[in-house]
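Heavy atoms only: backbone and side chains are in, while hydrogens, waters and symmetry mates are out. To find a chain, count down the sequence lines: A is the first, B the second, and so on, and within it residues start at 1.
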Amino acid sequence: MSRELQQQYNPKEVEDKIYRMWEKSGYFAPEAHQPRADNPDRLKPKAFSIIMPPPNASGALHIGNAVFVTLQDIAVRFQRMRGKKTLWLPGFDHAGFEAQVVFDKKLEKEGRRRSEITKEQLYKEMLDFAHENKKVVEAQLRKLGASCDWSREKFTLDPEIVKIVTDTFVKLYQDKLLYRGERIVNWCVKHQTTLSDLEIRHEERTEPLYYLKYGPFEIATARPETKFGDKYVVMHPKDKRYAKFKDGEKFETEWINGKVTATIVKDEVIDMNFGTGAMTITPWHDPADFELAERRKLDKEPIIDRYGRLLAIAGEFACMKIAEARPKIVEKLKAKGLLAKIDPNYKHNVAVCYKCGNVVEPLIMPQWFVKMQPLAEKAIRAVEKGEIKIIPDRYKKVYFHWLRNIRDWNISRQIVWGIRIPAWYCGKKVFITSHQLVRPVVGPKVETVHTQFADPVLVGEKPPKKCPDCGENDLVQDPDVLDTWFSSGQWPYATLLAGKQSGKSEIRNPKSEIVSDDFKNFYPTDLMETGYDILFFWVARMIMLGLYRTGKVPFRTVYLHGLVRDKDRQKMSKSKGNVIDPLGVAELYGTDAVRMALTVGNLPGNDIIISEEKIKGYRNFANKIWNASRFVLMHSAKTKDERRKTKVRFTVEDKKMLKKLNELVKQTTKDLESYRFHHAADRLYHFFWHYYADKVIEKMKPKLNSPEQKETAKALLLEFHTTLLKLLHPFMPFITEEIWQRLPQKNKKMLIVENWPS
RNA sequence: GGGCAAUUAGCUCAGUGGUAGAGCGUCACAUUGACAUUGUGAAGGCCACAGGUUCGAUCCCUGUAUUGCCCACCA
């Protein structure tokens, strides 16, 4: 056997081999690692747990995923080496709507259409697709060195998880925190589903603003195609221009398709300074108008259908798409003398689907909503009281602001890919599912959309035998699925409750008995590490649902990392072609180098700039470590003779150096305890290269030739070397473990479970 | 419209109430020595601007500018 190392570090020969060794050792699981006898924590090993943000099962890992893998793996390896029972639980998200969009593209490529496939078939194909993808991502996580416990891996569509998720739905319903209501929702005309408020983007557009004559008033609108049914004209009660009009007063006026009876409404929501200070309202297609109509109990009428086509009320324009109808309507208004003027440069924001960019049509629909305010209040308090710490601190403000202004959450989606809503309806009653379209019939007879829907006869895990009201056996399950964030929002407790050791996976109320060992041992988890871009989508909802379901916060610390950008500060995207594939660069320069590049300069809440140059820099660092190790190994072959001849006696200068090393240990430990990963990594880099390699090793070189000083020099180098390998291990696990395995000490363990220096 | 952050060397970023730091890049020199994926050294900065607090401000306060981001139902 040869301990000779090659001149250069070759990660390809090392990484897979080392990962297999770790995985085989079982040390990724919390129960496998027994702290050594000399570890002060051995009598009461505390737990440390992180639930991995589940990557989408619909695509490969991107560089942003590599950031979370790196930071979480650093935290986990550090705590494991400190002797804690450490659990890092991996999992995958079915990613409902996102995955549907990905799959649609795949179908398109194959020349197939979603409408040609039955829902059951589509679901099955997507499930297969997800399972295939999962395998790819699992391999990628291994390649990045993730020391997570694969035996506990979960998927959001695992039956145990689904059970917990739907239990929460039922419980929320019973607690009256969940309701089915006809409210205005964001409807994506292209994707034929509703979207939550977070899934829409606002885009600034410059469009004409039309001033129309409405009886004695002039009203402004950017959307004349919605105005057919307008029968209320609203103004501020203090507006002197309209002082002579009274609230509730009616008048008749000529409108687009003939005469209408209009009612005057005086309300303070009106901004007197906008346009003419008077407006008509369209409650069916505008959230603000909807709110006003609800509050003042005004009639609402649909104008546009779910395909973005005009309904019967539009008369000659019925069945036209908005874009086609708008200019024609304006023309008619002009011809009838109802068009006062056009402001061609009206700048305003329109809501668009965050995936396809198409304008979102606000519509009134029967949907499921979670009543957020009571949940939000508790979530606010938990952070106020410091039960959850947010890093960086400034995101607290953002978090509070969102929760204090929260609106009810629409959690039903009209897609097949997801967890079905556990609600059943009586087949006899009128029931129009939210995805069924009532299309206007072209011709003289045109129908309007039906809006009736039945109340669910049962919300529960299983359908009832028959309708409790009429005895009908034909019960229909709600065709919709849950917003994917409704399940991922329960991820911390769902994954732990569904833990392999638990026989049951049910908690009946917040105060109920804890039923799984994993839940008992690891909940609340210690750290939730994720990107700041999903603070609302995910973090806030996990806190709300976690508090609701378990009575406890789901995690103690939230660490928010930034987005990865290229060296020109551009967001990485496929269309820009500036995407760095984490696995590709790991293959080229080694995983350890990529991990360091993703850690140094990565401050919480700040975006991180990464370039291939930076990764190369840390590839060089890996090589530096490698060669310093070669040097130390070259001089560590001791013969009995040598050892007998000389004694280890540190000089004053040696002790100074060792003191510096000890300071490094303390600082690194402190930084890792407080999640200052970037600091620790940067300091280690400098210390290793510019102190240990440049100064300490250089100073020892002449001593290694002196018979008297030889052993002392060797001992000093070995002390430095082993300590530094341990400190570097969380950041650069592969190279440090590989070298560790080649060190000559006897009875050594794997570095992954070595004791953290103190 | 509201909020947040940033502004330090050519680039990416640390940092501290007491004469400014690193990496990369640049330039010069070194070379079979653990490592050229190297070493030694050098050049390079009114720490955005204007006020204030202070014996002293890059750091604390106020304002301004520029940039980036988030939130938002003015038709």
Side-chain angles (χ1 to χ4, degrees), chain A residues 4-9 184 186 197-198 200-202 209-212 219-223 226-227 230 233-236 269-283 285-292 346 348-351 362 392 394-402 404-405 407 532-533 535-536 562-563 565-571 589-590 593 597 600-603 605-635 676 678-679 682-683 685-686 689-690 693-694 697-698 700-701 704 717:
Chain A
E4 299 257 315
L5 270 62
Q6 293 172 311
Q7 283 210 343
Q8 272 154 29
Y9 172 55
I184 199 149
N186 307 303
D197 291 341
L198 287 174
I200 56 173
R201 245 182 25 231
H202 294 277
L209 183 67
Y210 305 94
Y211 285 79
L212 309 179
I219 57 127
T221 182
R223 299 195 62 193
T226 64
K227 300 271 115 187
D230 289 8
V233 58
V234 194
M235 61 217 74
H236 199 280
V269 291
I270 295 295
D271 178 358
M272 286 190 268
N273 299 319
F274 187 91
T276 60
M279 71 170 194
T280 57
I281 57 164
T282 312
H285 298 288
D286 183 282
D289 295 356
F290 174 80
E291 209 150 279
L292 176 69
Y346 173 57
H348 67 150
N349 288 319
V350 297
R394 68 180 129 91
Y395 276 91
K396 258 163 62 172
K397 267 189 210 167
V398 183
Y399 171 84
F400 288 142
H401 181 262
W402 187 69
R404 286 186 180 128
N405 296 289
R407 295 163 66 186
Y532 66 73
D533 53 330
L535 178 62
F536 307 141
L563 269 43
R565 294 170 186 275
D566 72 4
K567 59 179 188 300
D568 304 317
R569 288 202 154 272
Q570 297 282 308
K571 233 181 207 176
Y589 301 110
V600 176
N602 185 353
L603 276 78
N606 284 12
D607 289 348
I608 168 171
I609 279 85
I610 193 156
S611 61
E612 204 157 324
E613 287 309 305
K614 189 175 177 185
I615 300 169
K616 264 187 206 167
Y618 291 104
R619 185 267 319 261
N620 296 354
F621 179 50
N623 203 51
K624 191 77 188 177
I625 296 171
W626 187 254
N627 277 294
S629 305
R630 276 178 75 196
F631 183 78
V632 170
L633 286 170
M634 250 177 228
H635 294 279
R676 285 193 298 264
H678 66 288
H679 232 208
D682 205 23
R683 191 188 286 112
Y685 172 87
H686 285 111
W689 200 319
H690 301 297
D694 289 352
I697 292 185
E698 289 306 321
M700 290 305 118
K701 274 180 183 173
L704 289 167
L717 285 179

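- Comparing B/rC24 with B/rU40, their P atoms are spaced 11 Å from each other, to the whole Å.
- Looking at heavy-atom distances under 4.0 Å, A/Y346 makes contact with sugar-phosphate atoms alone, never a base.
- Following rounding to the nearest Å, A/Y399 (OH) and B/rC4 (P) show an atom-to-atom distance of 19 Å.
- With distances taken from any side-chain atom of A/F536 to the nucleotides B/rU37, B/rC71, B/rA14, the minimum falls on B/rC71.
- Taking atom P on both B/rA20 and B/rG63, the two are 29 Å apart, rounded to the nearest angstrom.
- Judged by distance alone with a 3.5 Å cut-off, no donor-acceptor contact links the side chain of A/E613 to the base of B/rC24.
- Set against B/rA75, B/rG39, B/rA34, the side chain of A/W689 has B/rG39 as its closest nucleotide.
- When heavy atoms are screened at a 4.0 angstrom cut-off, A/R619 is found touching base atoms of the nucleic acid.
- Partner assigned to B/rU37 is none, using Watson-Crick or G-U wobble distances below 3.5 angstrom.
- In terms of position on RNA chain B, the residue among A/Q8 and A/M272 whose nearest nucleotide sits closer to the 5' end is A/Q8.
- Between A/K701 and the phosphate of B/rA34, there is a side-chain N or O to OP1/OP2 separation shorter than 4.0 Å.
- Comparing the P positions of B/rA34 and B/rC29 gives an interatomic distance of 25 Å, to the nearest angstrom.
- When the C1' atom is compared between B/rA42 and B/rA6, the two are found 32 Å apart, to the nearest whole Å.
- Contacts of A/G562 with the nucleic acid, taken as non-hydrogen atoms under 4.0 Å apart, are absent.
- Comparing atom distances between the A/H686 side chain and each of B/rG23, B/rA75, B/rA14 picks out B/rG23 as nearest.
- In the set B/rA14, B/rA75, B/rC35, B/rA14 carries the atom at the smallest distance from any side-chain atom of A/H679.
- Annotation: A/Y618 is not in aromatic contact with A/Y589 [ring centroid separation under 6.0 Å not met].
- Atom P of B/rC27 sits at a distance of 24 Å from the matching atom of B/rC13, rounded to the whole Å.
- With a cut-off of 3.5 Å on both pairing distances, the Watson-Crick or G-U wobble partner of B/rU62 is B/rA50.
- Figure legend. B/rA14 is base-paired to no nucleotide; pairs are counted as Watson-Crick or G-U wobble with both atom distances under 3.5 Å.
- One interatomic measurement links the two molecules: CG of A/D682 to C1' of B/rC24, which rounds to 13 Å at whole-angstrom precision.
- Taking the C1' atom of each, B/rG39 and B/rG33 are spaced 11 Å apart, rounded to whole Å.
- If you measure from atom CG of A/L603 to atom P of B/rC4, you get 20 Å, rounded to the nearest angstrom.
- Dashed line: the shortest gap from a side-chain N or O of A/N620 to OP1 or OP2 of B/rU38 is under 4.0 Å.
- Nucleotide B/rA6 holds its P atom 14 Å from the CD1 atom of A/I609, rounded to whole Å.
- In this structure, A/K701 satisfies the cation-pi test against A/F631, with its NZ or CZ atom closer than 6.0 Å to the six-membered ring centre and inside 45 degrees of the ring normal.
- Within a 6.0 Å radius of NE2 in A/H401, other residues, nucleotides and ligands contribute 12 heavy atoms or fewer.
- If you measure from atom CD1 of A/I608 to atom C1' of B/rC69, you get 17 Å, rounded to the nearest angstrom.
- Between A/Y346 and A/F274, the ring planes are perpendicular. Angles over 60° get that label, and only those under 30° would be called parallel.
- Look at B/rG25: it lacks any Watson-Crick or wobble partner with both distances under 3.5 angstrom.
- Side-chain atoms of A/N623 lie closest to B/rU37 of the nucleotides B/rU37, B/rA75, B/rC4.
- Donor-acceptor pairing under 3.5 Å, judged by distance alone, is present between the side chain of A/N349 and the base of B/rA72.
- Between B/rC35, B/rA14, B/rC70, one nucleotide has an atom nearer to the side chain of A/K624 than all others, and that is B/rC35.
- Atom name P, nucleotides B/rC60 and B/rC47: the rounded distance is 15 Å, in whole Å.
- Counting any heavy atom pair closer than 4.0 Å across all strands shown, A/E698 reaches a base atom.
- With B/rG39, B/rA34, B/rA5 as the choices, the nucleotide that has an atom nearest any side-chain atom of A/R630 turns out to be B/rA34.
- Note on ring orientation: taking the six-membered ring where Trp is involved, the planes of A/W626 and A/Y9 are tilted (angle from 30° to 60°).
- Pair check for B/rG1 finds B/rC71; Watson-Crick or G-U wobble, both atom distances under 3.5 Å.
- Minimum atom distance to the side chain of A/T221 is reached by B/rA75, of the listed B/rA75, B/rU37, B/rG39.
- The A/D271 side chain lies nearest to B/rA75 when the options are B/rA34, B/rC73, B/rA75.
- Within the 4.0 Å cut-off from OP1 or OP2 of B/rC4, at least one side-chain nitrogen or oxygen of A/K397 is found.
- Residues A/Q7 and A/I270 both approach RNA chain B. Their nearest nucleotides, taken by heavy-atom distance, put A/Q7 toward the 5′ side.
- If you check every strand for non-hydrogen atoms under 4.0 Å, A/A622 touches nothing.
- Remark: B/rA43 base-pairs with no nucleotide; criterion is Watson-Crick or G-U wobble with both hydrogen-bond distances under 3.5 Å.
- Taking every side-chain heavy atom of A/M634 into account, B/rA34 is the closest of B/rA34, B/rC13, B/rC70.
- A close approach under 4.0 Å does occur between a side-chain nitrogen or oxygen of A/R407 and OP1 or OP2 of B/rC73.
- Under the Watson-Crick or G-U wobble criterion, with both distances below 3.5 Å, B/rU32 is left unpaired in every strand shown.
- Phosphate contact (OP1/OP2 of B/rU37, side-chain N/O of A/W626, threshold under 4.0 Å): absent.
- Going from the C1' atom of B/rC4 to that of B/rC74 covers 24 Å, rounded to whole Å.
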